[in-house]
Each structure stands twice: as structure tokens, then as C-alpha cells.
Amino acid sequence: MDINKIIKEIKRGIVEIIDEERLVSLVKNYYEKGENFFVKAGFDPTAADLHLGHTVVLNKMALLQKHGAIVQFLIGDFTAQIGDPTGKSATRKKLDKEEVLKNAKTYEEQVFKILDPSKTQIHFNSTWLNELGASGIVELTSTFSVARMLERDDFTKRFKEQSSISICEFLYPLLQGYDSVALKSDIEMGGTDQKFNLLMGRQLQRMYGCKKEQAVVMMPLLEGLDGVNKMSKSLGNYIGVSEDAKDMYAKVLSISDELMFRYYELLSEKSLMEISQIKEDINNGLLHPKKAKENLAVEIIMRFHSNECALKAKEEFDKVHSAKEFPSDMPSFTLDGRIWLAKAIVECKMESSTSAARRLINSNAVSINGEKVQDEQLQLENGEYVLQVGKRKFAKLKVV
């Protein structure tokens with residue numbers, strides 16, 4: 001077994017490794033002595049669905065499972081109630097425990113679309129953090145000073161701007177670090193924005209006498225559909241791993257040509273050589289960027305749904321956007337009496353408010369039976385209509 005080749009494959013896409021020697025040693029020990037090692041990544045269930053940004057870390061963990069790793073998939077049901085302050089300009093809203101547990105359940109269901117269940121342990125950090133108690137929390141806070149906490153970029157910025165920083169936000173990185181103590185992790189993974197928190201685990205393992213210091217592996221943050229901000233549900237620029245195949249396909253097709261290669265590098269299972277060939281073929285006019293995007297969309301959907309779903313999503317997209325036909329499967333609604341178009345859009349669950357619907361009508365984003373409409377005061381009389389909002393939302397409406 002060529003360890004150097006394996007390490008090269010593991011390092012693909014990684015931004016930074018702290019203690020690379022330990023990572024190499026763990027992989028070598030697996031092949032030479034059959035010893036497994038533990039790789040941890042924490043996910044706070046602040047929203048119901050995992051998205052493709054999360055899978056950048058998960059894909060790397062799945063690869064490590066092939067080379068000896070037992071994945072410690074940590075659901076931060078305790079820390080989610082505090083909220084990770086990373087990158088935030090204000091104190092986060094505290095989440096309700098019931099909402100956190102509901103979201104955590106969906107995480108458990110989704111994660112095995114990527115990870116090998118036989119090599120994965122699901123952990124909830126409330127298991128040990130609830131038992132830590134007040135005295136344990138006080139002891140934990142004594143390990144770091146306020147000055148040290150303010151070394152974090154986001155805390156420093158907020159302190160200088162005199163923005164509020166709650167004491168519980170200082171607790172967050174300490175609790176995340178303590179997770180590594182409780183789990184005795186060999187490697188912790190996360191995004192580049194998590195560096196301070198990831199290093200905390202390494203240092204607390206030393207302070208608590210764990211006889212090991214975890215290596216740290218940092219993955220890049222995947223940009224969302226806007227190509228600017230990191231993928232996030234709160235920003236609406238995400239592709240959820242449990243989304244309908246048709247929506248996933250349309251979203252991938254909507255990204256820029258430049259962003260497409262970022263997605264190829266971080267999400268595709270194609271080799272770097274194959275991706276380089278795709279770039280070359282596009283530059284030489286042998287492959288259209290749209291075709292490359294279609295291939296990427298199909299690959300992603302096959303991973304999270306099926307080959308059949310991927311091909312059906314492509315067929316449906318081509319039907320609607322190339323042949324200018326309506327989708328074969330649309331939600332149907334029946335409304336009583338003459339109705340204002342903006343209200344009809346809300347009643348058909350295509351927008352959340354009439355003010356949002358009016359803005360879309362005025363921006364030429366609403367069609368009725370394939371014809372653009374710009375009269376925001378339009379009243380729909382008795383009859384049957386196909387409403388379209390934007391490129392992807394369709395509904396059949398019968399006014400009686």
C-alpha cells in the first residue's frame with residue numbers, strides 16, 4: 001500500500017493541517033498494525049437540513065473511513081442552544097430545546113447518505129456537558145483568560161465596535177474543545193472559520209491529561225449559489241442534501257461557470273486530472289459549460305437520490321427551460337371567487353406575503369399561462385390558470 005499516494009488523496013482540497021505528522025502516523029498505523037483512529041466533526045442542529053456546504057467536511061471524513069477512521073459525528077444538541085458565535089456580528093438567538101432535538105433527528109437520517117454507518121458513531125454532546133455541572137463549567141472557564149478569548153477575530157471586531165458579547169459566547173469554544181476531551185478524538189475537522197475552536201480542543205486535551213493532542217484538519221468554506229457568501233440556510237443560497245431532485249438540479253444549473261469548478265473540486269468524486277481535462281475541453285470549445293454543469297448536477301443528485309431521479313430531473317428541467325413547456329407535476333389549488341393575483345400567489349404557497357408577490361410582479365418574474373404579467377392589481381376571474389414565479393415555482397390554480 002502506497003501511503004504517500006493515500007496521504008496525497010486525503011490532502012486534496014484541505015486548506016490547512018495542524019500536526020500533519022500525527023495524521024500520517026495514524027494512517028500508517030492502520031495499514032501496518034490494523035489500529036483504527038477517531039475523527040470528530042461537530043454539527044450544531046440549528047436548522048433542519050444539512051446542505052452541500054456541510055458535505056465538504058463529510059466527504060473528507062468518508063474518505064478517511066476507507067483508511068482506518070472511525071467517525072465521531074457529533075451533534076451539538078447542548079451547544080446549539082448557545083449558538084456558535086463564529087463569524088457573527090451580534091449575539092445569536094437562543095434556540096428552543098425541542099427545535100434542536102427535532103433538527104438533530106433529521107441530521108441522523110441524512111448523514112448516512114455520505115458516511116459508512118458501520119464506521120460511524122453518533123454522539124450528542126449533552127451526554128457529557130449536562131453531567132459537567134456548575135463546578136465543571138467553572139473549572140473549564142479557568143483554563144483560558146478573557147484576553148485569550150478576545151484573540152478571536154470576530155470577538156476582537158465586536159469588542160472594538162462595542163457590540164454586545166455575552167459570557168455564554170465565550171463558553172462556546174470551551175465547550176466545543178471539551179467535546180474532544182470527552183471523545184478522546186485523534187483528529188478534528190471543520191471549516192477554516194473554526195480554527196480557534198478546533199485548536200481549543202487540542203489544547204484542552206493537553207490540559208486535561210488525555211495523553212494525546214488531536215490533529216486539526218481545516219476544509220475550505222463552500223460558497224453558496226450567489227458565489228460570494230458561504231453556503232447558508234439563513235442566507236437562502238444553499239442546496240440541501242434532502243431537497244427534491246428537481247430543485248437540486250435547477251440550483252446547480254444556476255451557478256456561475258467559475259463557481260462550477262469550485263463545486264467540482266470540493267463536491268465531485270472525479271479526480272483532479274479529470275477536472276483539469278473538463279476545464280481544458282471547455283477552453284478549447286470541445287465541451288459547453290452548460291453540459292459540464294449538467295454532468296455535475298447529475299452526479300450530485302445520484303449521490304443523494306438515485307440515478308433514475310437524476311435523469312428524471314434533467315429531463316424535467318430540459319422540458320421546462322428548453323422546450324418552454326410546463327412541468328408535468330405541479331401542486332394544484334382551488335380558490336373561491338375573484339381573487340387578486342398577489343393574494344393568489346400567497347395562497348398557492350409560492351410566496352410568503354403579498355408585498356413580496358407584488359415586487360416579483362413588478363420585476364417581471366410572474367407569468368400566467370406562459371405570459372409575463374406586470375399588472376400588480378390584476379384580478380383573476382373564474383377559470384383555470386398555470387402560475388409561474390421565477391424559473392422554478394409553478395402551480396395550477398382553479399378559481400371557482
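The structure displayed is predicted, hence computed values, not measured ones. All values below come from the heavy atoms of this structure, side chains included, with hydrogens, waters and symmetry mates left out.
- No donor-acceptor pair under 3.5 Å is formed between the side chain of Asn29 and the backbone N or O of Glu35.
- Counting only residues at least two apart or on different chains, the ring-ring contact (aromatic ring centres under 6.0 Å, His included) pairs with a member in residues 210-262 are Tyr249-Phe317.
- The structure places OG of Ser242 at 12.5 Å from CG of Asp247, a figure rounded to the nearest 0.5 Å.
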Inset, instruction - Walk me through it: do Lys312 and Glu316 pass the test salt bridge (Lys or Arg N to Asp or Glu O under 4.0 Å)? - result: CA-CA 6 Å; Lys312 195 170 180 180; Glu316 189 70 18; over 6 Å; no

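- The shortest non-hydrogen separation linking Ala395 to Cys348 is CB-CB, 4.2 Å.
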Inset, instruction - Starting from the C-alpha separation in whole Å, work towards a yes-or-no answer on side-chain contact (heavy atoms from CB on, under 4.5 Å) for Leu58 and Val71. - result: CA-CA 10 Å; Leu58 291 172; Val71 164; over 6 Å; no

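- At a threshold of 4.5 Å between non-hydrogen side-chain atoms, the residues Phe78 and Thr127 do not count as touching.
- Looking at Asn237, its side chain does come within 3.5 Å of a backbone N or O of Ser232 through a donor-acceptor pair.
- No side-chain heavy atom of Arg22 sits less than 4.5 Å from a side-chain heavy atom of Glu213.
- With hydrogens and angles ignored, the 3.5 Å screen pairs no side-chain donor or acceptor of Ser268 with any backbone N or O of Glu265.
- Side chain of Asp186 to main chain of Gln214: no donor-acceptor pair is present (N/O by atom type, distance under 3.5 Å, no hydrogens or angles).
- Considering all non-hydrogen atoms of both residues, Ile10 and Val27 come closest at CD1-CG2, 4.0 Å.
- Atoms CZ and CD, from Arg359 and Glu376 in turn, are 11.0 Å apart once rounded to the nearest 0.5 Å.
- Summarising the local packing, CD of Glu21 is surrounded by 12 or fewer heavy atoms from other residues, nucleotides or ligands at distances under 6.0 Å.
- Neither side chain, Glu299 nor Asn295, offers a donor N or O lying under 3.5 Å from an acceptor on the other.
- Checking Ile361, Leu397, Thr354 one by one against Ile345, the side chain to side chain contact (heavy atoms under 4.5 Å, CB included) holds for a single residue, Ile361.
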Inset, instruction - Assess whether side-chain contact (heavy atoms from CB on, under 4.5 Å) is satisfied between Val111 and Met61, documenting all intermediate values. - result: CA-CA 11 Å; Val111 70; Met61 296 175 86; over 6 Å; no

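- With a 6.0 Å radius and a threshold of 12 heavy atoms from other residues, nucleotides or ligands, Glu371 has its CD atom at or below the threshold.
- The structure places CD of Gln205 at 13.5 Å from NZ of Lys211, a figure rounded to the nearest 0.5 Å.
- Side-chain contact check for Tyr30 versus Ile3: every heavy-atom pair is 4.5 Å or farther apart.
- Taking every heavy atom of both residues into account, Ser126 and Asp77 meet most closely at OG-OD2, 2.5 Å.
- Taken together through direct or relayed side-chain contacts under 4.5 Å among Ile, Leu, Val, Met, Phe, Trp and Tyr, Leu52 and Leu63 form part of one hydrophobic cluster.
- Within the 4.5 Å cutoff, no side-chain heavy atoms of Arg303 are placed close to those of Val241.
- Considering CG of Asp179 and NE2 of His123, their distance stands at 10.5 Å, rounded to 0.5 Å.
- One N or O on the side chain of Lys293 and one on the backbone of Ile255 form a donor-acceptor pair closer than 3.5 Å.
- Salt-bridge annotation for Glu258 and Arg262: absent, with no side-chain N of the basic residue lying under 4.0 Å from a carboxylate O of the acidic one.
- Lys270 places no side-chain N or O within 3.5 Å of a backbone atom of Tyr264 that could act as its donor or acceptor partner.
- More than 12 heavy atoms of other residues, nucleotides or ligands lie within 6.0 Å of CD in Gln121, so this atom counts as buried by the packing criterion.
- With values rounded to the nearest 0.5 angstrom, Leu140 atom CG is found 6.0 Å from Leu175 atom CG.
- Residue-environment remark: NZ (Lys102) stays at or below the threshold of 12 foreign heavy atoms within 6.0 Å.
- Under the 4.5 Å side-chain criterion, counting only non-hydrogen atoms from C-beta, Leu222 is not in contact with Thr55.
- Taking the six-membered ring for Trp and thresholds of 30 and 60 degrees, Tyr107 and His54 have ring planes inclined between 30 and 60 degrees apart.
- For Trp340, there are no side chain to side chain donor-acceptor pair (under 3.5 Å) partners at least two apart in sequence or on another chain.
- Counting only heavy atoms from C-beta outward, the side chains of Thr192 and Leu221 approach each other to under 4.5 Å.
- Taking the six-membered ring wherever Trp is involved, the centroid distance between the rings of Tyr178 and Tyr208 falls below 6.0 Å.
- Checked against Met330 for a side chain to side chain contact (heavy atoms under 4.5 Å, CB included), the options Gln388, Lys396, Lys393 give a single hit: Lys396.
- Screening Asn36, Thr120, Asp116 against Gln65 for a side chain to side chain donor-acceptor pair (under 3.5 Å) leaves a single residue, Thr120.
- Closest of all the heavy-atom pairs between Lys40 and Ser185 is CB-OG, 3.3 Å.
- Ion pair Glu347/Lys343 flagged as a salt bridge, since at least one NZ, NE, NH1 or NH2 atom sits closer than 4.0 Å to an Asp/Glu carboxylate oxygen.
- A single hydrophobic cluster is seen to contain both Ile7 and Met189, as judged by linkage of ILVMFWY side chains at heavy-atom distances under 4.5 Å, directly or through other members.
- Pairing each heavy atom of Leu266 with each of Pro220, the nearest pair is CD2-CG, 3.5 Å.
- Cluster annotation: Val216 and Tyr172 are assigned to distinct hydrophobic clusters (Ile/Leu/Val/Met/Phe/Trp/Tyr, side-chain heavy-atom contacts under 4.5 Å, transitive).
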Inset, instruction - Report the C-alpha separation of Leu296 and Tyr263 in whole Å, then their side-chain angles, then the decisive distance to 0.1 Å, and conclude whether the side-chain contact (heavy atoms from CB on, under 4.5 Å) test is met. - result: CA-CA 8 Å; Leu296 176 63; Tyr263 278 38; 3.8 Å; yes

Inset, instruction - Report the C-alpha separation of Leu183 and Asn125 in whole Å, then their side-chain angles, then the decisive distance to 0.1 Å, and conclude whether the side-chain contact (heavy atoms from CB on, under 4.5 Å) test is met. - result: CA-CA 10 Å; Leu183 290 172; Asn125 64 5; over 6 Å; no

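- Note on ring orientation: taking the six-membered ring where Trp is involved, the planes of His67 and Tyr31 are tilted (angle from 30° to 60°).
- Taking each heavy atom of Ile301 and Cys309 in turn, the nearest pair found is CG2-C, 4.2 Å.
- Both Leu132 and Met207 are members of a single hydrophobic cluster when ILVMFWY side chains are connected at heavy-atom separations under 4.5 Å.
- By the rule that hydrophobic residues join a cluster once side-chain heavy atoms approach within less than 4.5 Å of another member, Ile18 and Ile187 end up as members of separate clusters.
- Salt-bridge check for Lys251 with Glu243: passed, with a basic side-chain N closer than 4.0 Å to an acidic carboxylate O.
- In this structure, Glu20 and Lys11 have side chains that are in contact, with non-hydrogen atoms separated by less than 4.5 Å.
- Using a 4.5 Å heavy-atom cutoff, the side chains of Ile368 and Leu378 are in contact.
- Distance check, rounded to the nearest 0.5 Å: CD of Gln72 to NZ of Lys184 gives 10.5 Å.
- Atom CD of Glu308 is surrounded by 12 or fewer heavy atoms from other residues, nucleotides or ligands within 6.0 Å.
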